[in-house]
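A short worksheet on the structure shown next.
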Amino acid sequence: MGNIRVRFAPSPTGPLHIGGVRTALYNYLFAKKMGGTFILRIEDTDQGRYVPGAEDYIIEALQWCGLTPGEGLGVGGEYEPYRQSERKDIYQKYALELVESGGAYYAFDTSQALEERRAAEAAKGNHNFRYDNVSRREMKNGLTLPASEVTRRLEAGEEYVVRLKVPNDETVTINDLIRGPVSFQTNELDDKVLLKGDGMPTYHLANIVDDHLMRISHVIRGEEWLPSTGHHVLLYRAFGWEGTMPQFAHLPLILKPDGKGKLSKRDGAKFGMPVFPLGWEGETPEDSFRGFREYGFLPEAVINFLAFLGWNPGTEQEIFSLEELCQAFTIENIGKAGARFDYDKAKWYNQQYIQRSENEALAALVRPQLAPKGYAPDAGYLEKVCGLLKERMTFLTDFWAVGCYFFEEVKQFDDQNIAKRWTPESRPVFEALLAVIEKNKSFAAADIEVSVKDFIAEGGLKIGQIFPLLRIALTGSMQGPGVFEMMGVLGREKTVARLRKAIDYFDAL
RNA sequence: GGCCCGUUCGUCUAGGGGUCAGGACGUUGCCCUUUCACGGCAGAGACACGGGUUCAAUUCCCGUACGGGCUACCA
């Protein structure tokens with residue numbers, strides 16, 4: 001079978017959707033698994049939908065995810081250019097070649113004329129009008145017009161399109177790697193436009209020409225392309241390229257959390273979750289989005305989550321690094337049915353990855369949250385804090401909420417819980433305890449714990465009278481890591497100052 | 001409407017003619033713990049329906065239902 005070459009071919013019409021990321025991921029994994037090449041090609045043949053910045057976004061998003069193309073836009077390669085708008089001449093040449101060979105024809109019907117025709121048919125009760133092997137006989141095209149008339153129109157510069165001449169009465173069958181044999185009746189297929197009035201190719205033409213020229217071995221794309229694959233096969237045939245036609249694998253779609261339709265960009269706002277890898281500044285607030293990155297996701301978690309939306313290794317392992325995914329991936333293990341976007345699962349993955357992060361790595365990821373607040377702790381301190389906090393975070397962005405007291409004084413105390421535990425006798429006890437803590441030699445968590453527990457035992461006290469109040473004194477609330485671990489990290493000075501301040505506050509309540 | 005694809009716990013899924021239908025998320029309970037979290041244990045929870053084929057179907061075939069996709073000079 002020659003070299004494995006796969007391409008991810010998004011169109012730059014806006015930020016890359018998470019479904020697109022998964023398509024890229026599966027292409028990437030397949031390429032890596034097979035020792036092949038992962039190619040990035042930009043399908044910008046619709047000048048009307050081109051969005052500035054989208055291309056950079058795509059590249060940045062792939063990079064964030066770790067899905068680096070081995071060839072293509074931004075990387076270069078043997079088959080440049082990889083931006084379809086720069087390949088216009090190529091498509092034109094092939095389209096005309098197809099007209100010559102009889103596989104395609106010129107058509108002069110304007111979009112407006114077609115619209116009117118469709119409306120007229122609809123009025124008659126026929127909602128299925130299409131430009132096909134029957135209706136083309138009554139349209140204005142190279143098959144109905146005399147040759148001289150066609151030449152005249154072309155020479156007059158009249159706008160035209162090139163349409164695929166779909167043959168009659170044939171059955172086209174592909175063997176989809178995920179779904180098995182899928183057949184299409186050519187009589188059901190319309191004469192797709194290949195070359196548009198503006199001289200640009202449609203997806204159908206461009207993708208076949210490029211896949212052929214770029215020696216693509218496998219086309220792994222979303223299921224929304226399955227219905228037009230019959231046309232694609234016909235095109236390979238018309239060009240005489242069927243012998244080297246790539247194999248197809250149509251991926252199941254990612255569905256909305258409620259299962260009603262495929263996930264779309266608006267679902268982010270609707271369900272309160274990200275549907276794009278990175279944030280995007282659109283022209284309006286409705287067109288601006290926070291991405292997984294801004295929500296506080298780790299790219300490794302997003303990748304792991306996405307990989308399992310429609311694929312699984314057949315084992316019970318759930319956590320996979322990108323490298324492990326590359327090893328384990330097979331197209332055979334991709335499911336057929338659409339998968340709902342399970343945001344709870346995504347959160348769980350993120351939490352798992354945060355917990356497994358090295359303190360050092362986590363500290364670096366979390367540091368940017370501190371600067372705007374005016375804090376720049378030294379690395380060692382921040383790492384220790386991360387060590388205590390990481391099992392309490394689901395998102396990177398939880399860091400501040402969950403551990404702000406490691407950087408600034410307690411602003412809000414849990415008065416209810418203080419009132420429940422603080423008695424008139426508490427003050428002398430806590431003052432004595434404070435002295436014990438302050439005098440601790442090493443100020444290591446374990447040592448403080450010993451002395452505090454000794455103090456409690458000697459005084460005939462109960463842990464419940466002491467620990468919770470100590471905790472509230474330090475953090476303001478009933479939540480957080482172990483009290484002594486926190487003291488150890490905060491250090492003698494801060495710990496003592498907070499306890500002293502808290503005793504006054506508690507007593508004044 | 002037409003064409004194409006699909007259907008195992010609420011969700012993601014494993015499995016495959018004879019299984020106690022397995023795992024994970026979520027959920028419930030318990031344990032751990034000074035608290036929250038983590039972790040551990042336990043529980044509830046699924047083969048869409050109807051016909052075949054077969055000694056035996058969740059698994060194979062056919063229908064039905066339901067869901068999804070496509071149906072542009074968009075990709």
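Just so we're on the same page: letters track the sequence lines, and every chain starts at 1. Only heavy atoms go into these numbers, but all of them, side chains included; no hydrogens, no water, no symmetry mates.
The partner of B:G39 is B:C31, judged by Watson-Crick or G-U wobble contacts that both fall below 3.5 Å. In this entry B:A46 has no Watson-Crick or G-U wobble partner, no candidate having both defining distances under 3.5 Å. Here B:A57 sits opposite no nucleotide as a Watson-Crick or G-U wobble pair (both hydrogen-bonding atom distances under 3.5 Å). Of all nucleotides present, only B:U7 satisfies the Watson-Crick or G-U wobble test against B:A65, with each distance under 3.5 Å. Nucleotide B:G1 forms a pair with B:U71, judged by Watson-Crick or G-U wobble geometry with both contacts under 3.5 Å.
With B:G22, B:C25, B:G6 as the choices, the nucleotide that has an atom nearest any side-chain atom of A:E316 turns out to be B:G22. Side-chain proximity of A:R118 to B:C73, B:C12, B:U34: nearest is B:C73. Out of B:C73, B:A37, B:U35, the shortest distance to the side chain of A:E391 is found at B:A37. Across B:C73, B:C25, B:A75, the shortest atom-to-atom separation from the side chain of A:L114 is found for B:C73. Distances from the side chain of A:T110 to the nucleotides B:C4, B:C25, B:C73 place B:C73 closest. Of the listed nucleotides (B:G23, B:G69, B:C12), B:G69 has the atom at the smallest distance from the side chain of A:E224. Distances were taken from every side-chain heavy atom of A:P227 (C-beta onward) to each of B:C25, B:G23, B:C70; the shortest belongs to B:C70. Side-chain atoms of A:K196 lie closest to B:C74 of the nucleotides B:C74, B:C12, B:G2. Closest to the side chain of A:N128, out of B:G2, B:U34, B:C38, is B:G2. With distances taken from any side-chain atom of A:R49 to the nucleotides B:C12, B:A75, B:G26, the minimum falls on B:A75.
Nearest-nucleotide assignment on RNA chain B puts the 5′-proximal partner with A:P257, out of A:Y349 and A:P257. Heavy-atom distances to RNA chain B give each of A:K336 and A:E318 a nearest nucleotide, and the one nearer the 5′ end belongs to A:K336.
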(request) Mind running side-chain hydrogen bond (donor to acceptor under 3.5 Å, both in side chains) on A:N359 and A:E383 for me, showing each step along the way? (result) CA-CA 5 Å; A:N359 294 162; A:E383 283 165 28; over 6 Å; no

(request) Go through the steps for A:R7 and A:M214 under the test side-chain contact (heavy atoms from CB on, under 4.5 Å), then give the verdict. (result) CA-CA 9 Å; A:R7 77 320 192 259; A:M214 296 179 183; over 6 Å; no

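Distance, A:E188 CD to B:C4 P: 7 Å, rounded to whole Å. Rounded to whole angstrom, the span from the CH2 atom of A:W225 across to the P atom of B:G6 amounts to 20 Å. Per the geometry, CG belonging to A:D342 stands 7 Å off P belonging to B:C12, to the nearest Å. Atom CD of A:E485 is separated from atom C1' of B:C36 by 13 Å (rounded to the nearest Å). In this structure, the CD atom of A:E449 is 14 Å from the C1' atom of B:U35, given to the nearest Å. For the pair A:D258 CG and B:C66 C1', the computed distance is 16 Å after rounding to whole Å. Between the CZ atom of A:R471 and the C1' atom of B:C36 there is a distance of 7 Å, rounded to whole Å. Between the CG atom of A:L251 and the C1' atom of B:G69 there is a distance of 14 Å, given to the nearest Å.
At a threshold of 4.0 angstrom between heavy atoms, the contacts of A:W311 with the nucleic acid are absent. Looking at heavy-atom distances under 4.0 Å, A:S183 makes contact with sugar-phosphate atoms alone, never a base. Counting non-hydrogen atoms under 4.0 angstrom, A:V182 reaches the backbone sugars and phosphates but no base. Among the protein residues, A:K260 comes within range of the sugar-phosphate backbone only, with heavy atoms under 4.0 Å from sugar or phosphate atoms but none that close to a base. Within 4.0 Å (heavy atoms only), A:G310 reaches sugar-phosphate atoms of the nucleic acid but no base atom.
For the residue pair A:N187 / A:D169, a side-chain donor-acceptor distance below 3.5 Å is found, with atom types taken as modelled. With hydrogens and angles left out, the side-chain atoms of A:D190 and A:H231 include a donor and acceptor closer than 3.5 Å. Judged by distance alone, the side chains of A:D109 and A:Y131 do bring a donor and an acceptor atom under 3.5 Å apart. Looking only at atom types and distance, the side chain of A:D46 has no donor-acceptor partner in the side chain of A:Y203 under 3.5 Å away.
The backbone N or O of A:L73 sits nowhere less than 3.5 Å from a side-chain atom of A:R83 that would complete a donor-acceptor pair. A distance-only check finds no donor-acceptor pair linking the side chain of A:D267 to the backbone of A:K270 [under 3.5 Å].
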Considering only nitrogen or oxygen atoms on both sides, find all protein atoms under 3.5 Å from nucleotides 62-65 of chain B and state each distance.
none

Which pairs, protein N/O on one side and nucleotides 39-47 of chain B N/O on the other, fall under 3.5 Å?
none

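Remark: A:E324 CD is packed, more than 12 non-hydrogen atoms of other residues, nucleotides or ligands lying under 6.0 Å away.
Just one of A:R136, A:K165, A:R130 meets the side-chain hydrogen bond (donor to acceptor under 3.5 Å, both in side chains) condition when paired with A:D191; it is A:R136.
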